[in-house]
Amino acid sequence: MSQYDPAQIEPKWQAAWDDAQTFSATRDESRPKYYVLPMFPYPSGRIHVGHVRNYTLSDLVARYKRATGHNVLHPMGFDAFGMPAENAAMASGGHPKDWTYANIDTMIEQMKPMGWGFDWDRMFATCDPEYYGQQQSMFLDMLDAGLIYRKNAVVNWDPVDMTVLANEQVENGRGWRSGAPVERKELTQWFFKISDYSGELLEALDTLDDWPAKVRLMQANWIGRSRGLQFAFSTVEAPEGFDRIEVYTTRPDTLLGASFVGISPDHPLARALEAERPEVAEFVAECRKGGTTEEAIETAEKLGFDTGITVRHPFDTSWELPVYIANFILMDYGTGAIFGCPAHDPRDLEFARKYDLPVRSVFAPAMGEEGTFILPEDGGPAYVPPKPETVRYLQPFAGAEAMTGEDAIDAAVAFCEDNGVGTGVTKFRLRDWGLSRQRYWGCPIPVVHCDTCGVVPEKKENLPVVLPEDVSFDVPGNPLDRHPTWRDCACPSCGAPARRETDTMDTFVDSSWYYARFTAPRADTPTDMDEAKYWMNVDQYIGGIEHAILHLLYSRFFARAMYVTGHLPETSKEPFSALFTQGMVTHAIYQTPQAEGRPTYHYPEEVELKEGKAFLKDTGAEVEVIPSAKMSKSKNNVVDPVTIVKQYGADTARWFVLSDSPPERDVEWTAAGAEAANRHLGRVYRACAEIAASDVPATAEDEALLREMHKAIHDVTLAVESFGFNAAIARLYGLTNALTKSRAGSGVKREVAAVLAQLMAPMTPHLAEEIWQLLGRDGLVANAPWPLADEAMMIEDTVTMPIQVNGKRRGELTVPRDMPKEEIEKLALAHDAVVRTLDGAQPKKLIVVPGRIVNVVA
RNA sequence: GCGGGCGUGGCGGAAUGGUAGACGCGACGGAUUCAAAAUCCGUUUUCCGAGAGGAAGUGUGGGUUCGAGCCCCACCGCCCGUACCA
């Protein structure tokens, strides 16, 4: 009998699918459509195991949905703009375009042998002018619709290289190349008005039933709707025009605990003082050191500068509070000014203790819950109970003494409004989306700057504004800025000499509408409405949890913006009907510690495993094993899928990434696991080949095997529907074992083997086709309808229930499936173990859950 | 710092509030073999016990319940995100 030989069978079936055009999607109103989309990859140069997991998951869903009668769209493309291409050009002197397209070719070559059923005819890369030209066209429509505007925003500035840095290019506050301390610098930049949609994007989260709850929660917190009070402090001895400082607070109930007013270093008042007073300028310059990330700002040491200006408390004009410039206050949120209440905010407390400002508690734990509570003014930590918790107000100015924070906030807002101290307002944390990038390898922003006409949109007939190819990366900065001819152009409005916008778009723009483009990838408009109406929405989107907020939120906004500009139907405002977030693929790190600095990392193939320990093959020296680490080139623990496929075949790689871990969790790649997967597939192949050739008449075991088959169909179908692919695989192991051990006749065994092939087809499609053929079935298993479980065939006559005494298992009871509760009670009380444990005592309670459990409470 | 998630045998993991450890890996024992590889069969949470059986046990500490891996509270550890990595 022939052996399982993936190298021979896999290319054969891939060619068969190609010939039959199995996975090319065309509109067909007679069948329900199903659009399954894995997040498209960045063309880094090689596919990695994370990609293998992502596309194996989407392919499984696609093949399963095909089998259940759906017209499936399962496309693939490349998110091809971005920094790595420019970094490669800087490092090795090539061109980002050549680097990118060469990488795409390599990756396609690596993807094809995996047997993923993509509709390759729809492929595109976002750096294709055909794609980004349509993106420019939409930009103009959105600009026209008032969805895009310009304003100032801060960037990371490398003062030595004189260039803007991405957050990841800032290491410990210094530029990655120059090593110079990074500064925050303001530039005029383009923005999408995503904040216009804050409320809608938040509320619509409730409609996304098939999204993970954690993602919806993360987005809700990110959008961050808050109710609060906006009011103004009147100032004492402030410069002209600063009679008042507007502040926003979400805790107006803590107004009597106010201790100081803090303003952002970018607040207009801070700017005014900076211009006049050198010591302020010095302090503000100090605040502007470091990167722009929220993390860097929040974890930096809290710094304050006493301006000498004071403000009057709105409830008591004789009470004056100092005004500090503070480095932890963001100009982007609220009004860029706050009042500090140290007793009830840890940051304010740290600040107050540092600058010796008063700490005044506003509320304390409600009566009876005080325990060991220490007031913050007596050295305790800031007291910040959850808002729904009832607390005791020490000096209630609005409402009762004991109230929840929520009620107290409402009462305080009402009180302040009644007394002319500010108004209650709703604010969002979500900021507008800055899309300008001072970089070459991105979609050019199609506008022109003219001295007379100002900012002028490029004419649509002049699109795409194509990136020039004659650029060099030998000097830091954006080559578009210094391009001799591309930059200079004629004003589309008056024709006078003008200057092209040299900022390009954030790559998040590219990935915010690719799902829509896949429905009509060659259209000469951004989308084709008929195709979009048929294929949208994405029925199942699959990708990494790392995109939970930004990419998914931007895409949700973009779909709305595309609806407003007529590029998507209203029904596509939420473009992803269901979302699944997969876990990472990890791999052990093998390292030898060094006396100083980084350890030496060893490749897995240099290491030998013996008795749970790892040794270097060369020297026999023991190496340290760090399990389950994220794969990283610098740690030498990256597994290359190409090697795996050469060694074991694509089906083994697919089977392995699906088995073991549930798909939403991280999975550790182990050589042993891959071998085990391969061994099992070999077992299935041999068993089925043997069955195909056997000739045993029907036996008494036929029915038992058929029952097992129907139960397996039922269980696997449920598991696949609920993304429990590891459970589905465990069930398939079970069916395989039942099939190989059964003494049923050949007829039934062949039927079960064929069903096994069908159930495995979405996971190991090549092997499934081969078995299908061995069994003499017609056509492709890829085109066969999904098997149906016959519920009547699954029913067993008896059930076995555990018997517990006081919640501890003491025995079990096998009874007819439909035995009445009273009968079960009698049998349970008469059971040896129960009699022994009760020892003559009367049971206090008897709980019988028919078919489930019996619990005797003594 | 803040927001979110996860934590179960030697390992990956299973378990609508109802027998904790399915299924797989590894390990151990056996069959087959001149021998090995491959393959097949069996055992495998820990501790006590010859055995029958018993006790403990799902990161830590508490709580709710007839019954908690699952629900609630506090803590510890790891992972993701933190708006210019994609």
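Side-chain atoms are counted along with the backbone in the values below, which use heavy atoms only and exclude waters and symmetry mates. All chains are named by letter (A, B, ...) in the order of the sequence lines, taking the proteins before the strands, and each is independently numbered beginning at 1.
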Test for a donor-acceptor pair under 3.5 Å between the base of B:G1 and the side chain of A:Glu294, counting only N and O atoms. yes

Stepwise side-chain contact (heavy atoms from CB on, under 4.5 Å) check, A:Gln804 with A:Val854: CA-CA 6 Å; A:Gln804 295 182 334; A:Val854 179; over 6 Å; no

Do A:Arg216's NZ or CZ and the ring of A:Trp211 fall within the cation-pi criteria of under 6.0 Å and 45°? no

Would you classify A:Pro662 as touching base, sugar-phosphate or nothing, given that sugar-phosphate means primed atoms plus P, OP1 and OP2, and contacts are heavy atoms under 4.0 Å? sugar-phosphate

Within the 4.0 Å heavy-atom criterion, would you say A:Gln189 contacts the bases, only the backbone, or no part of the nucleic acid? base

N/O (side chain, A:Lys214) to phosphate O (OP1/OP2, B:G81) under 4.0 Å: no

Taking B:G67, B:G12, B:U19 as options, the one with an atom nearest any side-chain atom of A:Asn855 is B:G67

Is any side-chain N or O of A:Asn167 closer than 4.0 Å to OP1 or OP2 of B:A83? yes

Among the nucleotides B:C23, B:G1, B:G18, whichever has the atom closest to the side chain of A:Asn737 is B:C23

Check every strand shown and say whether A:His547 touches a base, only sugar-phosphate, or nothing at a heavy-atom separation below 4.0 Å. base

A:Glu295 side chain: which of B:G18, B:A22, B:G1 is closest? B:G1

Salt bridge present between A:Lys193 and A:Asp432 (N-O < 4.0 angstrom): no

Measuring to OP1 and OP2 of B:G4, would you say a side-chain N or O of A:Asn221 lies under 4.0 angstrom away? yes

Starting the side chain at C-beta, find the nucleotide from B:C23, B:A83, B:G18 nearest to A:Val849. B:G18

Nearest-angstrom distance from the residue atom CD1 of A:Ile729 to P of B:A22: 18 Å

Touch class at under 4.0 angstrom, heavy-atom based, for A:Val155 against every strand present: base

Which is true for A:Arg347 with a 4.0 Å heavy-atom rule: it touches a base, it touches only sugar-phosphate, or it touches nothing? nothing

Per atom distances to the A:Arg686 side chain, the nearest of B:U19, B:U39, B:U16 is B:U39

Short side-chain N/O contact to B:A55 OP1/OP2 from A:Arg810, under 4.0 Å: yes

Mind checking if A:Gly673 touches a base, just sugar-phosphate, or nothing, with heavy atoms under 4.0 Å? nothing

Measuring only the P atom in each nucleotide, how far is B:G21 from B:A68? A whole number of Å is fine. 16 Å

Please state whether the rings of A:Trp433 and A:Phe557 are parallel, tilted or perpendicular, taking 30° and 60° as the class boundaries. perpendicular

Side-chain atoms of A:Ala166 come closest, of B:C85, B:A83, B:C23, to B:C85

Pairwise P distance, B:C70 and B:A20 [rounded to whole Å]: 14 Å

Under 4.0 Å, heavy atoms only, any strand: does A:Trp433 hit a base, just the sugar-phosphate, or nothing? nothing

Whole-Å C1' distance, B:G5 and B:A52: 46 Å

Distance below 4.0 Å between A:Ser661 side-chain N/O and B:G13 OP1 or OP2: yes

Identify whether any heavy atom of A:Ile803 sits under 4.0 Å from a base atom; if not, whether one sits that close to sugar-phosphate; answer base, sugar-phosphate or nothing. nothing

Identify whether any heavy atom of A:Glu675 sits under 4.0 Å from a base atom; if not, whether one sits that close to sugar-phosphate; answer base, sugar-phosphate or nothing. nothing

OP1 or OP2 of B:C40 under 4.0 Å from side-chain N/O of A:Arg679: no

For atom P, what is the distance between B:U19 and B:A15, given to the nearest Å? 13 Å

Which whole-number value in Å describes the distance from A:Arg665 CZ to B:G12 P? 10 Å

Only one of A:Leu187, A:Asn156, A:Asn478 clears side chain to side chain contact (heavy atoms under 4.5 Å, CB included) with A:Val164; which? A:Leu187

Using the C1' atom in both, what is the distance from B:A37 to B:U33, to the nearest Å? 10 Å

Counting only heavy atoms not in A:Asn172, do more than 12 fall under 6.0 Å of its CG? no

Round to a whole Å and report the spacing from CZ of A:Phe428 to P of B:A83. 21 Å

Should we say atom CZ of A:Arg743 is surrounded by more than 12 heavy atoms from elsewhere, each under 6.0 Å from it? no

Answer with base, sugar-phosphate or nothing: what part of the nucleic acid does A:Ser511 contact at a heavy-atom distance below 4.0 Å? nothing

Would you say a side-chain N or O of A:Thr507 is under 4.0 Å from OP1 or OP2 of B:A86? yes

Map A:Ala676 and A:Glu812 onto RNA chain B by nearest heavy atom, then report which one ends up closer to the 5' terminus. A:Glu812

Of A:Glu186, A:Glu183, A:Gln189, A:Arg184, the one forming a side chain to side chain contact (heavy atoms under 4.5 Å, CB included) with A:Val155 is A:Gln189

Could you work out the separation of B:C78 and B:U64 based on their C1' atoms and round it to a whole Å? 29 Å

Opposite nucleotide pairing with B:C78, Watson-Crick or G-U, both atom distances under 3.5 Å: B:G5

Whole-angstrom distance between B:A14 and B:A22, as gauged at atom P: 12 Å

Tell me whether the side-chain N/O atoms of A:Arg216 come closer than 4.0 Å to OP1 or OP2 in B:G5. no

Would you kindly compare A:Thr299 and A:Val215 by the position of their nearest RNA chain B nucleotide and give the one closer to the 5′ end? A:Thr299

With the side chain defined as heavy atoms from C-beta on, A:Ile847 is closest, among B:A83, B:C23, B:G18, to B:G18

Rounded to the Å, how far apart are A:Ile853 CD1 and B:U16 C1'? 14 Å

Could you check how far CD of A:Glu708 sits from P of B:C23, rounded to whole Å? 12 Å

Across the strands shown, which category fits A:Lys741 at heavy-atom distances under 4.0 angstrom: base, sugar-phosphate, nothing? sugar-phosphate

Provide the distance between the two P atoms, one in B:C80 and one in B:U16, to the nearest whole Å. 28 Å

Which nucleotide, if any, forms a Watson-Crick or G-U wobble pair with B:G12, using both distances under 3.5 Å? B:C23

Under 4.0 Å, counting only non-hydrogen atoms across every strand here, what does A:Lys844 touch: a base, just sugar-phosphate, or nothing? nothing

Does A:Phe328 reach a base, just sugar-phosphate, or nothing at all? Heavy atoms under 4.0 Å. nothing

Using a distance-only test with no angle check, is there a side-chain donor-acceptor pair under 3.5 angstrom linking A:Arg556 and A:Gln219? yes

Parallel, tilted or perpendicular: which fits the ring planes of A:Tyr514 and A:Tyr541, with parallel below 30° and perpendicular above 60°? tilted

Just the rounded figure in Å: distance from P of B:C79 to CD of A:Glu546. 15 Å

Between CG of A:Leu739 and C1' of B:C23 the distance, given in whole Å, is 17 Å

Chi-based syn or anti call at B:G9, which uses purine or pyrimidine torsion atoms and a 90° bound: syn

Which of these nucleotides, B:G4, B:U82, B:C25, is closest to any side-chain atom of A:Arg683? B:C25

Under 4.0 angstrom, heavy atoms only, what part of the nucleic acid is A:Arg731 near: base, sugar-phosphate, or nothing? nothing

